[in-house]
Amino acid sequence: MNEHADYKPDMEIAGPRVHFLSYQSAEQWAWAGAVTLAAELRRALEQRPRARLLLSGGSTPGPVYQALSRAPLAWDRIDVALVDERWLQPDDPDSNSHLVRTTLLHDKAANARFETLTRTGRSIEEAVAAANLHAAQVPDAVVLGMGDDGHTASLFPGLRGLDQLLASPYPYVSVDAAGCAGAGPWPRRISLTPAGLAPSRMRLLLIRGEHKRRLFERALDGIDALELPIRLAFTTPGARLRVHWCP
């Protein structure tokens with residue numbers, strides 16, 4: 001990793017539930033995210049035989065994953081898994097698995113163990129059951145994203161049965177997001193729940209752009225996760241949410 005880069009935020013606001021850091025450039029933002037995750041994984045490997053990292057998809061986090069792939073870690077002792085996934089095969093270009101493979105799992109991170117949520121020949125019920133078995137290993141770090149509608153993972157505002165999904169005792173659930181604009185053409189999904197997020201030792205939200213910043217500030221003014229599911233990132237008991245933002 002670039003040891004000479006300046007990762008310092010230009011603004012930092014620390015509260016009991018959220019630690020918000022603002023960066024001036026996309027490069028600073030990406031490297032700061034990678035350094036933050038690498039430090040957490042290194043700390044975990046010093047204390048336990050293996051570390052676990054949960055990653056989100058979408059268009060935002062790729063540069064952070066690319067920077068993280070250069071971190072000098074014992075990647076053969078790191079399990080990489082997903083926060084959520086569209087009901088697509090792992091090699092589908094629109095899958096979150098494909099994003100992780102093409103941005104993180106090369107360079108120094110090529111030896112990480114990657115757990116896809118979907119697999120050929122496996123039903124969505126079998127995939128959820130397998131994900132819940134793997135979730136017995138507590139995540140050391142969870143990377144979250146936020147959509148323009150305030151969704152996180154695959155938990156969308158207006159999602160049928162969202163209240164039940166948020167209250168589920170299982171770390172992962174299947175989701176039918178038909179009718180939710182934010183789901184695009186992929187309504188069938190598998191998603192992490194608050195029960196899966198709660199044990200995590202570190203939570204990192206990666207967002208960019210003025211719209212996302214204003215939306216997150218709006219989210220901070222309330223606690224209703226049915227209105228804005230991103231609120232579960234800081235209302236779910238457990239680790240304080242760390243937010244990295246840049247224009």
Can you tell me how far [atom2] of [Y] sits from [atom1] of [X], rounded to the nearest 0.5 angstrom?
X      : Y      : atom1 : atom2 : answer
Leu197 : Leu54  : CG    : CG    : 9.0 Å
Arg17  : Leu220 : CZ    : CG    : 6.5 Å
Leu226 : Asp163 : CG    : CG    : 6.0 Å
Leu68  : Trp31  : CG    : CH2   : 9.5 Å
Arg160 : Cys180 : CZ    : SG    : 8.0 Å
His19  : Glu12  : NE2   : CD    : 3.5 Å

Run the side chain to side chain contact (heavy atoms under 4.5 Å, CB included) test on Leu159 and Leu165 for me, step by step, so that the C-alpha distance in whole Å, both residues' side-chain angles and the decisive distance to 0.1 Å come before the verdict. CA-CA 9 Å; Leu159 179 68; Leu165 297 177; 3.5 Å; yes
Specify the closest pair of heavy atoms between [X] and [Y], including all atoms of both residues, with the distance to one decimal.
X      : Y      : answer
Asn96  : Gly57  : OD1-CA, 3.3 Å
Ala195 : Tyr170 : CB-O, 3.8 Å
Ala71  : Ala38  : CB-CB, 3.9 Å
Ile207 : Trp29  : O-NE1, 3.5 Å
Leu162 : Ala225 : CD2-O, 4.2 Å
Ala153 : Leu192 : CB-O, 4.2 Å

Go through the steps for Arg218 and Glu227 under the test salt bridge (Lys or Arg N to Asp or Glu O under 4.0 Å), then give the verdict. CA-CA 11 Å; Arg218 177 186 155 204; Glu227 178 192 16; 3.0 Å; yes
Give a yes or no on whether Arg119 atom CZ has more than 12 heavy-atom contacts from other residues, nucleotides or ligands under 6.0 Å away.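 Atom CZ in Arg119 is not packed in, count stays at 12 or less.
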Just wondering, are more than 12 heavy atoms of other shown residues or ligands nearer than 6.0 Å to CD in Gln164?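 No, because the 6.0 Å sphere around CD of Gln164 holds 12 heavy atoms or fewer from other groups.
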Phe234 with Ile223, same ILVMFWY side-chain cluster at under 4.5 Å: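 As far as the 4.5 Å side-chain criterion goes, Ile223 and Phe234 are not connected within one cluster.
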Should [X] and [Y] count as side-chain neighbours, where that means a heavy-atom distance under 4.5 Å?
X      : Y      : value
Leu73  : Arg42  : yes
Ile78  : Asp76  : no
Glu115 : Arg52  : yes
Leu104 : Val80  : yes
His211 : Asp148 : yes
Leu82  : Val100 : yes
Pro157 : Pro229 : yes
Pro93  : Leu99  : no

Do Arg188 and Asp176 pass the salt bridge (Lys or Arg N to Asp or Glu O under 4.0 Å) test, and can you show the C-alpha distance, the side-chain angles, and the key distance before you say yes or no? CA-CA 5 Å; Arg188 296 193 77 200; Asp176 179 0; over 6 Å; no
Name all residues meeting the salt bridge (Lys or Arg N to Asp or Glu O under 4.0 Å) criterion together with Asp149; count only those two or more places apart in sequence or in a different chain, and write none if there are none.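 For Asp149, no residue satisfies salt bridge (Lys or Arg N to Asp or Glu O under 4.0 Å) once neighbours in sequence are set aside.
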Are Leu215 and Glu210 close enough, and set up right, to give a side chain to side chain contact (heavy atoms under 4.5 Å, CB included), and what steps lead you there? CA-CA 8 Å; Leu215 180 59; Glu210 290 298 332; over 6 Å; no
Could you tell me whether a side-chain N or O of [X] sits under 3.5 Å from a main-chain N or O of [Y], the two making a donor and an acceptor?
X      : Y      : value
Thr152 : Ile230 : no
Thr193 : Pro171 : yes
Arg189 : Leu155 : no
Lys212 : Gly147 : no
Arg203 : Ala233 : yes

List in chain and number order the residues that pass side-chain contact (heavy atoms from CB on, under 4.5 Å) with Pro90, two or more places apart in sequence or in another chain; answer none if no residue qualifies.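 Pro90 satisfies side-chain contact (heavy atoms from CB on, under 4.5 Å) with Ser97, Arg101, Thr116, Thr118 once adjacent residues are dropped.
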Worked check of side chain to side chain contact (heavy atoms under 4.5 Å, CB included) between Phe20 and Arg213: CA-CA 10 Å; Phe20 188 95; Arg213 179 166 183 161; 3.9 Å; yes
List the atom pairs, with distances to 0.1 Å, where a side-chain N or O of residues 126-139 and a protein N or O form a donor-acceptor pair under 3.5 Å, not counting sequence neighbours.
{"residue": "Glu126", "atom": "OE1", "partner": "Ser123", "partner atom": "N", "Å": "2.9"}
{"residue": "Glu126", "atom": "OE1", "partner": "Ser123", "partner atom": "OG", "Å": "3.4"}
{"residue": "Asn132", "atom": "OD1", "partner": "Tyr172", "partner atom": "N", "Å": "2.7"}
{"residue": "Asn132", "atom": "ND2", "partner": "Val128", "partner atom": "O", "Å": "3.3"}
{"residue": "Asn132", "atom": "ND2", "partner": "Tyr172", "partner atom": "O", "Å": "3.3"}
{"residue": "Gln137", "atom": "NE2", "partner": "Asp79", "partner atom": "OD2", "Å": "3.3"}

Residues forming a side chain to side chain donor-acceptor pair (under 3.5 Å) with Arg86, sequence neighbours excluded: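 Per chain and number, Arg86 pairs via side chain to side chain donor-acceptor pair (under 3.5 Å) with no residue.
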Check step by step if side-chain hydrogen bond (donor to acceptor under 3.5 Å, both in side chains) holds for Ser69 and Asp107. CA-CA 6 Å; Ser69 72; Asp107 206 324; 4.6 Å; no
In the hydrophobic clustering (ILVMFWY, side-chain contacts below 4.5 Å, transitive), which residues join Leu88, or is it alone?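 Trp186, listed by chain and number.
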List the atom pairs, with distances to 0.1 Å, where a side-chain N or O of residues 235-247 and a protein N or O form a donor-acceptor pair under 3.5 Å, not counting sequence neighbours.
{"residue": "Thr235", "atom": "OG1", "partner": "Arg231", "partner atom": "O", "Å": "2.8"}
{"residue": "Thr236", "atom": "OG1", "partner": "Leu232", "partner atom": "O", "Å": "2.6"}
{"residue": "Arg240", "atom": "NH1", "partner": "Gly15", "partner atom": "O", "Å": "2.8"}
{"residue": "Arg242", "atom": "NE", "partner": "His244", "partner atom": "NE2", "Å": "2.9"}
{"residue": "Trp245", "atom": "NE1", "partner": "Gly209", "partner atom": "O", "Å": "2.8"}

Could you go step by step and tell me if Glu125 and Ser174 meet the side chain to side chain contact (heavy atoms under 4.5 Å, CB included) rule? CA-CA 7 Å; Glu125 293 79 14; Ser174 62; 5.9 Å; no
Checking side-chain contact (heavy atoms from CB on, under 4.5 Å) between Val83 and each of Leu55, Leu117, Leu144, which is the one that passes?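 Only one option passes, and that is Leu144.
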Which one of Leu205, Val64, Leu37 satisfies the side-chain contact (heavy atoms from CB on, under 4.5 Å) criterion with Val143?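 Running side-chain contact (heavy atoms from CB on, under 4.5 Å) over Leu205, Val64, Leu37 with Val143 returns exactly one hit, Leu37.
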Under the salt bridge (Lys or Arg N to Asp or Glu O under 4.0 Å) rule, what do Arg214 and Glu217 come out as? Steps first, then yes or no, please. CA-CA 5 Å; Arg214 290 194 299 271; Glu217 289 171 347; over 6 Å; no
How far apart are the C-alpha atoms of Gln89 and Thr120, what are their side-chain angles, what is the distance that settles it, and do they pass the side-chain hydrogen bond (donor to acceptor under 3.5 Å, both in side chains) test? CA-CA 7 Å; Gln89 291 304 311; Thr120 301; 2.9 Å; yes
